[in-house]
Each structure stands twice: as C-alpha cells, then as structure tokens.
Amino acid sequence: MTTLSASRPATISVRDALRAEPGRRVSIHGWVRTRRDSKADGGLSFLAVHDGSCFDPIQAVLRASLPNYEQEVLHLTAGCSVEITGELVASQGKGQSVEVNVDPAPEKGGAIRVLGFVDDPDTYPVAQKRHTFEYLREIAHLRPRTNTFGAVARVRHTLAMAVHRFFHERGFFWIHTPIITASDCEGAGQMFRVSTLDAVNMPRTKDGQPDYAQDFFGRQAHLTVSGQLNVETYACALSKVYTFGPTFRAENSNTSRHLAEFWMIEPEIAFCDLAGDADLAEAFVKYLFKAVLEERPDDMAFFNERIDTTVIKTLEFLIETPFERMTYTDAVSTLEKCGEAFEYPVKWGVDLQSEHERCLTERIVKKPVILMNYPKDIKAFYMRLNDDGRTVAAMDVLAPKIGEIIGGSQREERLDVLDRRLDEMKLSKADYWWYRDLRRYGTVPHAGFGLGFERLIQFATGMANIRDVIPFPRTPGNAEF
RNA sequence: UCCCCGAUAGCUCAAUGGUAGAGCGAGCGGCUGUUAACCGCUAGGUUCUAGGUUCGAGUCCUAGUCGGGGAGCCA
C-alpha cells in the first residue's frame with residue numbers, strides 16, 4: 001500500500017497488527033467504531049478502529065499529550081476515518097492482547113491524523129447501537145461498516161475463492177458464459193429483456209408487434225437465467241468445466257430466499273453419470289463449508305453467537321457426515337409410511353414440498369440426503385431419461401434445516417430421446433439447434449449441477465434473509481444503489 | 001401473484017378518539033486502563049402520503065406507497 005507520509009512506518013492492516021509481536025512501530029488506517037475517554041494516567045482515549053481486514057477492531061490508546069487531543073481526538077465519533085501511528089504493545093486492559101500506544105513523546109513518535117470527520121454525528125445512519133437488518137438494507141452503501149455485513153462480505157469472498165480453488169484443484173476450467181443471451185430457450189423462468197429500442201416510439205411490424213429485427217442484436221435478447229446450456233458446449237470439448245457468474249430471473253417472487261439478480265455456480269462434467277455428479281456435489285459442499293470454518297473462524301464465531309447459535313455445529317455435521325443416497329420413489333414410499341400428517345399429501349409424481357424434505361432429512365434419515373431419479377414430468381427436458389421410461393437422472397441435495405442446496409442431473413446425450421422430450425414439452429427443435437449439435441457430433445454422457453451462491457452463503461452464515469448476503473440486492477420494485 | 005402484519009424522535013418502540021413519551025444513539029459535564037462502560041443534564045417530532053368521519057384523529061374509515069412474515073415458484 002502507498003504510504004501517505006514518508007516519516008511514518010509502513011501501514012499495516014488491523015488483521016496483521018493483531019497478530020504481530022509487540023514492540024513494533026506501525027501505522028494503521030481505518031474507521032472509528034467507538035471512543036471511550038478516561039482521566040487516568042494524565043488523560044487517555046481508547047479508540048476501537050476497524051479497517052475491514054478482519055472481524056475485530058484494534059484498540060488505540062491516545063494520550064492527552066497529543067497536540068490535537070482536545071481539538072480533534074475528543075470529538076471523534078463512530079465512522080470517522082483516521083491514520084494512527086504508534087507502537088504495538090501488550091494491552092494492559094482486558095478484551096484484547098495487543099493495542100497501539102499512541103504517545104507523542106519524541107522517543108515514541110505517536111500521532112493521529114483525522115482524515116475525515118462525520119458530519120452531524122446525531123444523524124449518522126450507522127450509530128453505535130444495534131440496528132435492524134430491514135433498516136440497514138435502506139442504507140446499503142453504509143452497512144458494510146457494521147459487524148454483520150463486514151463478516152458476510154468476508155465469508156462471501158472466502159466461499160467464492162474456495163469455489164474456484166475446489167474446481168481448479170480438480171482440473172476444471174472456469175468458463176465465462178454470456179450474460180446477454182439471444183436464445184429464448186433456457187426455460188428457467190421469466191427473463192429480463194435487453195433492448196435498445198425506443199420504448200416510446202417502438203418500431204412495429206405489420207401486425208403491430210415490436211419489431212425486434214431493428215433491435216441491437218437483430219432479434220430479441222435477454223439476461224441469462226442459467227449458463228448451463230452454454231457451459232455444456234465447453235464440457236463437450238474441455239471435459240471438466242464450470243460457470244460462476246450472475247444470473248437474472250424476472251419472477252415476481254418476494255421471499256427471503258429469492259433475488260432477481262444472483263450468482264450461480266454450475267459445473268458440467270463430460271464422461272460422468274448421475275452417481276459421479278452426486279459424488280462431486282457432496283465433495284463440493286463439504287469442501288466449501290470446511291474452507292469457511294478454517295479460514296474465517298472470527299466471522300463464524302460471530303455468526304454462531306449473534307445470528308444462529310447452531311450454525312457451526314450444523315456445518316461441522318455436514319462436513320463429517322456421509323450423505324445418504326435415496327431414489328425419489330423410495331423417498332415417496334418412506335414418507336407415505338412414516339405416519340406424518342402433511343399439509344400437502346405425498347404421492348408418486350408430485351414434487352416434494354419443503355415439509356416433506358424436512359421430514360426426510362430431519363426425522364427419518366437425520367442427515368443430508370441426495371435424492372435421485374425424479375419423475376420426468378416434473379423435471380426439465382434436458383435431463384436424461386432412465387430405462388424405466390418414467391424417471392429422469394436428476395438429483396437434489398437436501399440438508400437438514402436448510403433444505404435443497406443443490407439441483408443437478410445427468411444430461412440427455414441421445415439425440416433421438418432428446419428430440420422426443422422436446423416434442424413432449426412442445427419446445428422448438430430449431431431453437432435448440434446448437435444444443436442438439438452436441439448430440440450429433442461426438443456425443444458423450446455428461447452431468448452437472450447448479451448451486452445458488454447466495455443460498456450457500458445463507459447456509460454458511462445463518463443469515464435469514466438472502467437480501468443480506470449480497471452487497472446490493474435486486475428484488476421486485478427495488479434496484480436502489 | 002395471493003394471504004397476514006406493520007409505518008410515531010437519528011434508530012428500536014410506547015401512547016383508552018382528548019397536552020406525543022421511553023430506551024438506545026447524539027451533545028455537554030462527571031467518573032473510570034476503558035471496552036455492550038457507568039452516572040447526571042440537554043437537544044431532538046409535518047406521527048408514511050392523499051382524502052374522509054368527528055367538537056377533536058398518532059389512534060377510526062377509504063385509497064395509495066414502502067417495509068416485513070408466510071405461500072407459490074425456484075437457485
């Protein structure tokens with residue numbers, strides 16, 4: 001990092017300072033969390049300063065002999081930005097092992113410079129008190145300064161890095177599938193239109209419809225709802241690939257588990273069947289949760305204390321427990337026999353409700369379950385038809401408490417079967433011409449799955465609302481910031 | 001999209017149809033190697049918007065806006 005002044009020691013992050021050996025002169029840049037004053041030792045102020053590099057702030061002990069003590073230090077409030085130079089020392093107080101002693105004596109050379117005060121501390125939106133998440137959502141530009149949102153941001157980063165590391169270590173290539181898609185055939189929900197046509201003076205065809213031939217791409221275009229079909233093309237050339245990027249759904253669903261813009265991870269593996277897909281999914285989830293526990297113990301301890309007191313136990317259980325594998329058909333008959341009274345009755349052919357999934361994972365099997373081979377009529381056209389003719393090679397990973405965390409399938413690699421499925425679902429073969437080409441030219445068995453990144457973060461942190469695990473949530477009626 | 005709940009000080013919330021309050025935060029002072037600090041004082045309000053009922057509306061009625069919970073759909 002560039003130093004702002006030649007006479008100061010190099011800037012050190014709060015994270016590194018908290019781990020460093022006492023005795024060293026350091027400079028810290030950060031923001032004030034709290035200030036406490038004392039008349040002891042001729043006058044002291046204690047500043048908690050954070051810079052986001054780790055969960056904990058560092059304590060700076062400011063001496064009243066500082067030239068700007070009366071004028072500036074005694075007016076520091078939450079949110080002020082400061083540059084602190086001093087000596088790392090073992091703390092005399094409880095609650096921290098090291099602190100920065102800021103003593104202006106010539107042999108100490110301590111100093112504090114205020115880079116920015118807070119206008120009108122009375123109305124500073126991130127006052128030093130508890131705030132509701134609903135309120136903090138309205139100040140999404142300031143909420144990363146809080147404990148919770150700082151911790152979420154670090155965990156989100158850690159998980160993203162772990163995703164790439166997991167695949168990289170296993171020889172997967174990261175494929176950047178397009179954000180804008182002109183194919184209207186991804187079939188995973190309502191799409192956002194991408195257009196440069198003048199909405200007021202819309203060019204029309206003879207029959208009065210908007211004339212998309214005059215649009216930017218010469219045809220209708222949308223934001224992607226899934227990179228899967230595109231990434232399959234790379235799996236059928238590079239064998240092991242994945243996408244990890246933003247996706248968009250224009251569904252008018254307003255829940256704590258849905259966003260209009262979210263990030264999705266979709267691996268795709270050639271020469272792989274459903275069992276191999278399930279094995280990969282299990283290893284993947286375990287790797288990610290292990291990474292976050294190992295790399296962010298400070299943030300996880302916070303989530304476990306303040307957000308969800310079972311979150312660490314839940315993650316540890318997921319990591320060490322082999323997942324149960326069960327067919328959809330067996331799951332349905334098990335649920336039918338379990339004697340539980342469901343709001344929605346279970347029977348073969350219907351999709352499982354969340355109450356069914358919870359009963360299965362929490363009361364019957366008591367561990368994560370990978371359900372396989374669902375009825376073809378409740379699943380997508382590209383899933384491989386099983387020999388029984390009525391189920392497809394699909395799998396969902398279900399976990400106790402958290403429900404579905406992954407959905408995947410072996411893809412239909414046989415052109416004639418794929419075409420029959422397209423016909424059955426009244427989809428146009430012409431629209432899928434390039435997808436069908438993969439089956440015409442050297443087709444191979446392949447499989448993959450999808451995992452919603454924000455839901456993963458919810459599971460890992462215990463955060464209840466998905467709007468609080470993405471920096472700037474987009475939901476129906478809200479694209480502020 | 002459907003059902004339910006809510007909107008009052010910077011924030012979290014009180015207030016029988018009759019003078020709008022508290023806690024936290026903030027400011028000032030006191031005390032203390034402090035750390036969810038503590039003690040005292042002070043300031044802070046177009047009660048979401050627009051109509052309506054009433055002698056009188058934060059409170060009741062209508063519509064709207066925004067937020068939350070649940071459902072559906074899914075990731």
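Just so you know, these numbers come straight off a predicted model, no measurement behind them. When reading the values below, keep in mind they use all heavy atoms of this one structure, side chains included, and skip hydrogens, waters and symmetry mates. To find a chain, count down the sequence lines: A is the first, B the second, and so on, and within it residues start at 1.
Screening A/Phe167, A/Phe284, A/Tyr234 against A/Phe172 for a ring-ring contact (aromatic ring centres under 6.0 Å, His included) leaves a single residue, A/Phe167. For the pairing with A/Phe244, the ring-ring contact (aromatic ring centres under 6.0 Å, His included) check across A/Phe173, A/Phe453, A/Trp174 returns one residue only, A/Phe453.
Comparing the same atom, P, in B/G45 and in B/U8 gives a spacing of 15 Å after rounding to whole Å. Taking atom P in both B/G21 and B/G58, the straight-line distance is 14 Å, to the nearest Å. As rounded to the nearest Å, B/A71 and B/U47 have C1' atoms that lie 33 Å from one another. When the P atom is used for both B/U53 and B/C28, the distance is 50 Å, rounded to whole Å. Rounded to whole Å, the separation between the P atoms of B/C61 and B/G17 comes to 11 Å. Across B/U59 and B/A7, the matching C1' atoms stand 14 Å from one another, rounded to whole Å. Across the C1' atoms, B/A20 and B/A57 are found 13 Å apart, a figure rounded to whole Å. Taking atom P in both B/C60 and B/G18, the straight-line distance is 11 Å, to the nearest Å.
Judged by distance alone, with hydrogens and angles left aside, the side-chain atoms of A/Ser81 form a donor-acceptor pair with the main-chain N or O of A/Gly116 at under 3.5 Å. Looking at A/Arg33, its side chain never comes within 3.5 Å of a backbone N or O of A/Leu47 through a donor-acceptor pair. Although no hydrogens or angles enter the test, the distance criterion places a donor-acceptor pair under 3.5 Å between the side chain of A/Lys240 and the main chain of A/Arg170. Between the side chain of A/Arg63 and the backbone N or O of A/Val61, no donor-acceptor pair lies under 3.5 Å. Although no hydrogens or angles enter the test, the distance criterion places no donor-acceptor pair under 3.5 Å between the side chain of A/Arg411 and the main chain of A/Glu268. Under a 3.5 Å cut-off, the side chain of A/Thr255 and the backbone N or O of A/Arg257 do form a donor-acceptor pair.
Between A/Ser256 and A/Gln92, the residue whose closest nucleotide on RNA chain B is further toward the 5' end is A/Gln92. For A/Trp263 and A/Ala464, each mapped to the nucleotide of RNA chain B holding its nearest heavy atom, the one lying further toward the 5' end belongs to A/Ala464.
When the nucleotides B/C11, B/G72, B/G68 are ranked by their closest atom to the side chain of A/Thr255, B/G72 comes out on top.
Atom pair A/Asp119:CG and B/G10:P shows a separation of 17 Å (rounding to whole Å applied). One atom, CG of A/Asp396, and another, P of B/C74, lie 11 Å apart when rounded to the nearest Å. Atom-to-atom, OH of A/Tyr135 to C1' of B/C13 comes out at 15 Å; the value is rounded to the nearest Å. Spacing between atom CD of A/Glu134 and atom C1' of B/G10 amounts to 17 Å, rounded to whole angstrom units. Rounded to an integer number of Å, the gap from CZ of A/Arg257 to C1' of B/C73 is 11 Å. One interatomic measurement links the two molecules: CG of A/Leu398 to P of B/C74, which rounds to 14 Å at whole-angstrom precision. As a whole-Å value, the separation of A/Glu404 CD from B/C73 P is 12 Å. Distance A/His258 NE2 to B/G72 C1': 9 Å, rounded to the nearest Å.
When heavy atoms are screened at a 4.0 angstrom cut-off, A/Ile406 is found touching no nucleic acid atom at all. Among the protein residues, A/Arg306 comes within range of no part of the nucleic acid, since none of its heavy atoms lies under 4.0 Å from any strand. Nucleic acid contact class of A/Gln353 (heavy atoms, under 4.0 Å, all strands): sugar-phosphate only. Heavy atoms of A/Gly407 sit nowhere under 4.0 angstrom from any nucleic acid atom. As judged by a 4.0 angstrom heavy-atom cut-off over every strand, A/Phe46 is placed among the base-contacting residues.
Here A/Thr132 reaches the OP1 or OP2 of B/U12: one of its side-chain N or O atoms lies under 4.0 Å away. In this model, the phosphate group of B/G69 is approached by a side-chain N or O of A/Asn465 to a distance below 4.0 Å at OP1 or OP2. Here A/Arg467 does not reach the OP1 or OP2 of B/G67: none of its side-chain N or O atoms lies under 4.0 Å away.
Remark: RNA chain B takes part in the stems B:1-7 with B:65-71, B:10-13 with B:21-24, B:26-30 with B:38-42, B:48-52 with B:60-64, each of 3 or more antiparallel Watson-Crick or G-U pairs, criterion distances under 3.5 Å.
The aromatic ring centres of A/Phe381 and A/Tyr432 sit less than 6.0 Å apart. The six-membered or imidazole ring of A/Phe166 lies away from that of A/Tyr242, with a centre-to-centre distance of 6.0 Å or more. Ring centers of A/Phe192 and A/His222: at least 6.0 Å apart, outside the cut-off.
Side-chain to base pairing of A/Gln96 with B/U34: one donor and one acceptor N or O lie within less than 3.5 Å of each other. With hydrogens and angles ignored, a donor-acceptor pair closer than 3.5 Å exists between the side chain of A/Gln59 and the base of B/U34. For B/G72, its base never sits under 3.5 Å from the side chain of A/Glu251 at any donor and acceptor pair. Contact annotation: side chain of A/His131 to base of B/C11, donor-acceptor pair absent below 3.5 Å.
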- Note on the structure: B/S/- along nucleotides 21-32 of chain B (protein heavy atoms under 4.0 Å) is --BBBSSS-SSB

Show me the donor-acceptor pairs, under 3.5 Å and distance only, between side chains in residues 14-22 of chain A and residues at least two apart or in other chains.
| residue | atom | partner | partner atom | Å |
| --- | --- | --- | --- | --- |
| A/Asp16 | OD2 | A/Ser13 | OG | 3.4 |

